[in-house]
A.B. asks: 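Below are the structure tokens for one structure; questions will follow.
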Amino acid sequence: MGMSCNQCQESILSTGCTARGVCGKDEMTAKLQDVLVYATEGLAVSAELLPGQVERSVGQLVSESLFVTVTNTNFDEDAIVEQIRKTLAMRDALNARLPHPSTQDVALWSGSSREDFLLKAITVGIESLSENEDLRSLKSLVLYGLKGLAAYTDHAAVLGYHDDDIYAFYVKALVALTRDLDADELTDLVMETGGSAVKAMALLDRANTETYGNPEITEVKTGVGNNPGILISGHDLRDLADLLEQTEGKGVDVYTHCEMLPAHSYPAFKKYSHFVGNYGGSWWSQDKEFDSFNGPILMTTNCIVPVREAYRKRMFTTGLAGYPGLKHIPARAEGASKDFSELVELAKSCAPPKEIENGKIIGGFAHNQVLALADKVVDAVKSGAIKRFIVMAGCDGRHASRHYYTDVAAALPKDTVILTAGCAKYRYNKLELGDIGGIPRVLDAGQCNDSYSLAVIALKLKDVFGMEDINELPISFDIAWYEQKAVTVLLALLFLGVKGIRLGPTLPEFLTPNVVSVLVEKFGIKPIGKVEADVEAMMAGA
Ligand code: SF4
Ligand code: SF3
């Protein structure tokens, strides 16, 4: 069989991960994820042949299946096999309704029987996308963009929000990945993925803000109280809503970890007095922080790192997250809440969290809040008090090279404002960077999907200043990537016409030199360099 995975920034250089992932994913899990992607392509082939609009149930299942394969989301073989079964069952149900069920495509990509499917499926993987390495690279860019997109449409679906055009695009793009397309056709597909990424982030923004209110400026404590606590991580706000409701009045506090931090800024969650603060930093520090937290931990999505014995018995997954040996909290029944009573009971028997810091983080600068301050921001730009905005959104990761982002934040002149979203913020959100006339120098819009807010803010500033092009603004992009949601955010920015993005800490391993050349030529993408040189170049608009 053999494993071959190159989808994240920590992929082993030049070969990808071939024996065991740096993330901890083993060969069998990697292979099953490839089979799931293959099965999802087969489902798309059948869905495309069915006359009429792509059915919502198909779009939702495609979202779930692709999300399961996002880095650090699900390491549980049984859960992935179950997802493959569901996908094949839906494919078979669609095939049974096809006007011409013997269509060659269906036979080729779905297999005429489960045995045929399995025989074919164990040979698939990224290598099978194309024999030509440049075409394979472009197809990988589309596939990884779709995976990130899937995470966002799944979060929106959990809150009852759907966009049937995005679901139709999944089918179109997955079918395209099974075909022989030329470089121009694939480049168009890359851009279309970026267009769908903008739509998906807008959809999720609407889902979150219509359900939980518009984020407001909020100070979040990083210290701890005297009650036992439950720590919630990942990106799923509905899980947090259920947990807060079920812990109210129980003598158990709730803390956020990593990408759940921005939840403190939503009015619907701010009302809970037992929602006390944020514990620790970004995902990769969990192996230490989950230990000292002392209480139950709930992973609602990525990023999970290999689980240590010290906290294994206190750690739970839910939704599409999974890890072998951890208790999984089942899906909610229609109209009901998830049942987190086991975590609440366990928390009562645990010691309170051990304090590891005692400060505060300011957040809540999503588009609505920033636009409410627009006059102040515009005046500061006009008066020269703010010289430049630096967008430093994206992902964090374990490598020491990411200290670059801390150093850039510290080295930027005092008349610059950093716009951030995603877990990349943990590289500088606890630095004392001050403010400009009351506007904090780090404006945190929220989770990685809230990069949408940063785009809305930039487009609004462009209009206010009467500019034709977003690139005329005094704004630079210094983006950090790790997993596939950051690929999606990057494609969204390219679709919106943003040029000259710095991308780090390394360019994606799955991009060939020829594809990189196209990105450089068309969009001015560049790798990060030395801190001082990059700061100087950004301040000069380069
Ligand atoms: Fe390697 Fe990243 Fe794939 Fe994990 S997700 S196996 S670290 S490339
Ligand atoms: Fe972070 Fe995993 Fe990407 Fe949502 S939590 S941004 S890496």
Side-chain angles (χ1 to χ4, degrees), residues 2-34 37 66-75 125-127 136-137 140-141 143-145 147-148 151 233-235 257-259 280-290 299 301-308 321-323 392-407 422-427 448 478-491 501-512 515-516 525 527-528:
M3 153 181 187
S4 174
C5 184
N6 65 358
Q7 67 179 2
C8 84
Q9 190 272 327
E10 294 187 358
S11 160
I12 291 171
L13 266 187
S14 79
T15 58
C17 297
T18 52
R20 184 181 169 82
V22 176
C23 60
K25 183 162 75 174
D26 66 18
E27 192 173 338
M28 179 56 85
T29 309
K31 207 63 222 169
L32 286 170
Q33 290 184 355
D34 287 345
V37 170
L66 293 179
F67 188 7
V68 161
T69 71
V70 166
T71 300
N72 292 343
T73 302
N74 201 317
F75 296 81
I126 208 71
E127 299 296 329
R136 188 161 69 236
S137 176
S140 305
L141 188 52
L143 176 60
Y144 301 155
K147 289 186 178 197
S233 192
H235 302 70
H257 189 262
C258 191
E259 276 283 68
S282 79
W283 62 272
W284 57 272
S285 55
Q286 69 186 244
D287 60 343
K288 289 184 195 68
E289 292 160 1
F290 287 4
M299 294 300 304
T301 67
N302 57 320
C303 276
I304 302 173
V305 310
V307 177
R308 286 180 45 216
Y323 195 89
M392 289 175 72
C395 303
D396 195 12
R398 350 170 144 71
H399 286 174
S401 57
R402 289 187 186 256
H403 208 272
Y404 162 92
Y405 295 100
T406 312
D407 295 341
C423 62
K425 65 171 74 77
Y426 284 97
R427 288 283 164 179
C448 47
D478 199 2
I479 304 290
W481 85 286
Y482 169 59
E483 37 78 26
Q484 298 76 59
K485 289 191 249 181
V487 175
T488 306
V489 171
L490 176 70
L491 295 182
I501 295 173
R502 281 184 172 71
L503 185 62
T506 52
L507 294 184
E509 202 264 328
F510 58 82
L511 297 181
T512 57
V515 173
V516 170
I525 284 190
I528 61 168

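All figures in this text were calculated on a predicted structure; none of them were measured in a lab.
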A.B. asks: Measure the NZ-SG distance between Lys485 and Cys423 for me, rounded to the nearest 0.5 Å.
C.D. replies: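 These two atoms lie 8.5 Å from each other.
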A.B. asks: Do Leu490 and Ile479 have side chains that get closer than 4.5 Å, going by heavy atoms?
C.D. replies: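 No, their side chains stay 4.5 Å or more apart.
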A.B. asks: I want to check something: taking the side chain as every heavy atom from C-beta on, are Cys448 and Glu259 in contact at a cut-off of under 4.5 Å?
C.D. replies: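 Heavy-atom side-chain distance check passes, below 4.5 Å.
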A.B. asks: Just checking, is any N or O donor in the side chain of His257 or Glu289 under 3.5 Å from an acceptor N or O on the other one?
C.D. replies: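 Yes - a donor-acceptor pair under 3.5 Å links their side chains.
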A.B. asks: Going by heavy atoms in the side chains, are Tyr405 and Asp478 under 4.5 Å from each other?
C.D. replies: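 Yes, side chains in contact.
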A.B. asks: Do you know the tightest heavy-atom contact between Glu509 and Thr15?
C.D. replies: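 Closest approach of Glu509 to Thr15: OE2-N, 3.7 Å.
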A.B. asks: I'd like to check Lys147 versus Val487 (side-chain heavy atoms, cut-off strictly below 4.5 Å). Are they in contact?
C.D. replies: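 Of all side-chain heavy-atom pairs linking Val487 with Lys147, none is under 4.5 Å.
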A.B. asks: May I ask you to decide if the ring planes of Phe510 and Tyr144 are parallel, tilted or perpendicular, using 30° and 60° as cut-offs?
C.D. replies: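 Perpendicular, since the angle between the ring planes exceeds 60°.
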A.B. asks: Would a distance-only check, ignoring hydrogens and angles, find a side-chain to backbone donor-acceptor pair under 3.5 Å from Gln286 to Cys258?
C.D. replies: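 Absent.
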A.B. asks: Can you tell me how far CD1 of Ile304 sits from SG of Cys23, rounded to the nearest 0.5 angstrom?
C.D. replies: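 So the SG of Cys23 and the CD1 of Ile304 are separated by 11.0 Å.
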A.B. asks: Drop me the distance from Met3's CE to Lys31's NZ, to the nearest 0.5 angstrom.
C.D. replies: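 Rounded to the nearest 0.5 Å, the CE-NZ separation comes to 10.0 Å.
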A.B. asks: Measure the spacing between SG of Cys17 and CG of Asp26 and express it to the nearest 0.5 Å.
C.D. replies: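 One gets 12.0 Å once the value is rounded to the nearest 0.5 Å.
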A.B. asks: State whether the side chain of Gln7 and the backbone N or O of Glu483 hold a donor-acceptor pair below 3.5 Å, judged by distance alone.
C.D. replies: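 Pair absent, no side-chain N/O of Gln7 close to backbone of Glu483.
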A.B. asks: Among Thr71, Asn302, Thr69, which one satisfies side-chain hydrogen bond (donor to acceptor under 3.5 Å, both in side chains) with Gln484?
C.D. replies: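 Of all the options given, the one that passes is Thr71.
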A.B. asks: Do you know which two heavy atoms are closest between Ala480 and Arg402, and how far apart they sit?
C.D. replies: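 Here Ala480 and Arg402 meet closest at CB-NH1, 3.9 Å.
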A.B. asks: As an exercise, state the distance from OG of Ser282 to NZ of Lys425, rounded to the nearest 0.5 Å.
C.D. replies: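 Reported value, rounded in 0.5 Å steps: 10.0 Å.
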A.B. asks: Could you tell me if Asp396 and Trp284 have a donor-acceptor pair between their side chains, going purely by distance under 3.5 Å?
C.D. replies: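 There is such a pair between these side chains.
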A.B. asks: If you measure from SG on Cys5 to CD on Gln33, what distance do you get to the nearest 0.5 Å?
C.D. replies: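 One gets 7.0 Å once the value is rounded to the nearest 0.5 Å.
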A.B. asks: Sub-3.5 Å donor-acceptor pair from the side chain of Trp481 to the main-chain atoms of Thr506, do we have one?
C.D. replies: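 Here the side-chain-to-backbone pair exists.
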A.B. asks: Do Tyr482 and Cys303 have side chains that get closer than 4.5 Å, going by heavy atoms?
C.D. replies: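 Contact flag for Tyr482/Cys303 side chains = yes.
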A.B. asks: Quick one: are Asp34 and Ser4 in side-chain contact, heavy atoms under 4.5 Å?
C.D. replies: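 The answer is no; the side chains never approach within 4.5 Å.
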A.B. asks: Determine whether Tyr404 and Pro505 make a side-chain contact, defined as any pair of heavy atoms from C-beta on separated by less than 4.5 Å.
C.D. replies: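 Contact flag for Tyr404/Pro505 side chains = no.
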A.B. asks: Which heavy atom in Leu511 sits nearest to a heavy atom in Val515, and how many Å separate them?
C.D. replies: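 Reported closest heavy-atom pair: CD2-CG1, 3.8 Å.
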A.B. asks: What heavy-atom pair brings Gly16 and Asn6 nearest, and what distance separates the two atoms?
C.D. replies: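 Heavy atoms only, the tightest pair is CA-CB, 4.2 Å.
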A.B. asks: Would you say Arg427's side chain and Gly397's backbone share a donor-acceptor pair under 3.5 angstrom?
C.D. replies: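 Side chain of Arg427 to backbone of Gly397, a donor-acceptor pair under 3.5 Å: yes, one is there.
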